[in-house]
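Here's the structure we're looking at; comments come further down.
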Amino acid sequence: MAAGKAWIAGAAVIALGGLIGTVAWGQAGAEAAATAGAPSATATVAVLETGTREDAARGEPRITELQLLGTHNSYHLAPDPFSLDAIAAVTPDEARAIDCSQRPLAEQLDLLGLRHFELDCYLDPEGGLFSDPLVLRLARAAGRDVPPFDPDGVLEAPGIKVLHSPDFDVRTTQYTLQGALAEIKAWSDRHPGHVPLFLLLELKGDSFSPLRPVPWGPEGFAELHRTILDVWPRPRILTPLDVQGDAPTLREAVVGKGWPSVAAHRGKVVLLLDNEGGLRDRYLEATSAERLLFVSVDRGHPAAAWMKRNDPVAQEQEIRGLVRDGFLVRTRADSGTREARANDGRRRDLAIDTGAQLISTDFPEADRRFSPYCVRLPPLPEPAIRRVQHVVVCWLKQPGDAAARRRIIEASQAFAAIPGVLEVSAGEPIESDRPIVDDSFDVAITIEFASQAALDAYLAHPDHRRANAEILAPLVKKVVVYDFQE
C-alpha cells in the first residue's frame, strides 16, 4: 500500500479514540456495475498478431502469443463505509485508491472472461492472526454497525490468508489461499478446454498497524507449495522446469525455443511470484527443481521467463523489447482508481498496444460512481464454454409505432456493455405472405451470452432492470422469450 508509516501513527490515534467521534458513515459502495457507456468489446482474451512460429502456423499459438486480461487485487472488496472513512482520516489518497471491489473469482472467469488473477498472501501458521481487525473493534467501540466479517470463522484456522492490508483493508471474497485456489480449480474442472490461467501471488509480510505478520522464509515457501499442491495436482500446473525442458537454463529455453503452445497446456494454471528484491531471492534460494512459481528477474538472469513491468507509460519500450524477445510480461492498465475517476483510457490503450501478454486492471467493468472507464479485449473462443441465446419478441401497445420501435432497439443495443453479453442484435419484422411466418410482432431482440451464469447476471443487472421499467413496460403489451443453449 502507498500509505507507508502513516498507517502506524493513524492506527495509534484511532486506537486512542481520537477519531471515533469524527469518523462518519460514507457513501462508498462495495461493488460497482457496468455502465452503458463502456466500450463494446465483449471478452478478455486476444491472440497477438505475432504468430510466425510453427505452432501458430498450425493454428496453435504459443502462450506468449496470447493477450489476457485479469484483475489487480482480484479478491478485493472495498472497505465498509466506517473503515473507509477511518482510512481516509489518516491517508485520503489511499482511501481513494482502494475504493473498488471485484466480483467473486468464479464470476470473473464466467461473466467477465478473465484469465489471470492476483492474490496477496499472508502466513498465519497458528490461525486467528487476522480474525479480529482493529478497524472493526473500533466500529464496535463506536457503536457502529458494519457488514459481517468472516461469519464462518475461516480466519481462525491455520493457513495462508488472503487480504490487502491487516487491520484496515481486510474485506475479501476469499479469506484463504486454499479457498481461492479451490474456487478457480472448480471452474477449471468445469471448463477443461480453457487457455492456461495465470495466478500472481504476492507474499506479504508488511503491516501499517500494530499487528506483526509472520515473515516469509523457507518454511513459509514450503507451506505455499503444499497449499498449492493440495488443490492443483502437479500435472495441472505449468512450472518453470516444464518450460525449461532439456535446456541448460529457463532463460535459454525461452529465448531459444520460446514458451510452449497453448494447445499443450489447456486446463492448466501458471503461477507467478509477484515479489521482487530480497523475498524473491530467498524464494529462489529455498527452491530448486520443484519450484512451482516463475519469478520476475532481470532479462539476463538464468530464471528469466516472465517479467513484471507495471508502468506501460514509463516502461513502454522495455515492455516492447521483452515481448519481442519472447518473454512473458505483465503490466497494469490503471492504478489507484485514477484512470477510472478521470475516464482516461490512455494508459490502458498503451498497455494493450505494447503487446504485454498479461494486462491487469481494477476495472474489468465500469464503476458507475466514477465514469464509463473499463478494460476489455477481443475474444478467443474456448470450446468448453457453451454459449446461451436469449431471444425476446415484443408487441407494442401501439402496434407499428415507429418511434417506440426505435427506442426499444436503441435500448437493447446498449445492453452490449453489460458484462457477459457477447453480441446483441435487434430489429423490426420482415413482412411475409408465408403462413408459417409470424410477422405480427414489433421488435425482436437476440442476445448471446458466454454462459447461463452470464444470462442470469444480465437479468439482474441494473441497466437491464432500468430499461424494462422505463422503456419496455410503458410501451410493450406482450413479450415472448425463448432461451436456448448451443
Side-chain angles (χ1 to χ4, degrees), residues 26-46 67-74 76-78 84 95-103 107-108 110-114 312-313 331-354 359-379 406-426 445 447-450 454-455 457-472:
Q27 297 299 317
E31 294 191 7
T35 178
S40 59
T42 57
T44 48
V45 188
Q67 192 168 54
L68 310 178
L69 185 63
T71 39
H72 165 249
N73 292 341
S74 306
H76 188 256
L77 293 176
L84 194 66
R96 287 166 58 87
I98 62 176
D99 188 15
C100 59
S101 296
Q102 301 304 335
R103 292 175 179 266
E107 290 187 14
Q108 294 184 48
D110 252 338
L111 303 184
L112 306 179
L114 304 189
V313 178
T331 195
R332 290 181 60 182
D334 41 69
S335 178
T337 74
R338 288 186 292 272
E339 287 75 18
R341 293 177 187 273
N343 195 22
D344 183 354
R346 290 174 294 178
R347 174 172 172 165
R348 170 197 63 197
D349 297 343
L350 182 59
I352 295 170
D353 190 61
T354 63
I359 298 176
S360 293
T361 178
D362 285 317
F363 298 96
E365 51 188 324
D367 187 328
R368 64 175 63 252
R369 297 172 303 156
F370 301 150
S371 76
Y373 174 88
C374 68
V375 186
R376 304 271 183 91
L377 293 177
R406 283 196 304 273
R407 193 175 179 199
I408 292 172
I409 291 170
E410 289 170 0
S412 301
Q413 291 168 341
F415 294 154
I418 295 178
V421 173
L422 299 179
E423 187 174 352
V424 177
S425 60
I445 306 153
I447 306 178
E448 184 176 70
F449 297 90
L455 170 58
Y458 158 83
L459 294 174
H461 195 279
D463 289 350
H464 173 254
R465 290 180 177 274
R466 189 178 305 111
N468 275 349
E470 298 178 2
I471 299 174
L472 261 66

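These numbers come from a predicted model, not from an experiment.
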Could you tell me whether [X] and [Y] make a salt bridge, using a distance below 4.0 angstrom between a side-chain N and a carboxylate O?
X: Arg103; Y: Glu365; result: yes
X: Arg466; Y: Asp463; result: yes
X: Arg341; Y: Asp367; result: no

Could you check whether any side-chain heavy atom of [X] comes within less than 4.5 Å of a side-chain heavy atom of [Y], counting everything from C-beta outward?
X: Thr361; Y: Leu69; result: yes
X: Ile447; Y: Glu423; result: no
X: Arg407; Y: Ile471; result: yes
X: Ser335; Y: Arg347; result: yes
X: Asp362; Y: Gln102; result: yes
X: Pro364; Y: Val375; result: no

- Between Ser74 and Gln108, is any side-chain donor less than 3.5 angstrom from a side-chain acceptor?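 Side-chain D/A pair, Ser74 to Gln108: absent.
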Please check: side-chain N/O of [X] versus main-chain N/O of [Y], any donor-acceptor pairing under 3.5 Å?
X: Arg348; Y: Cys374; answer: yes
X: Gln67; Y: Ile352; answer: yes
X: His72; Y: Ser360; answer: no

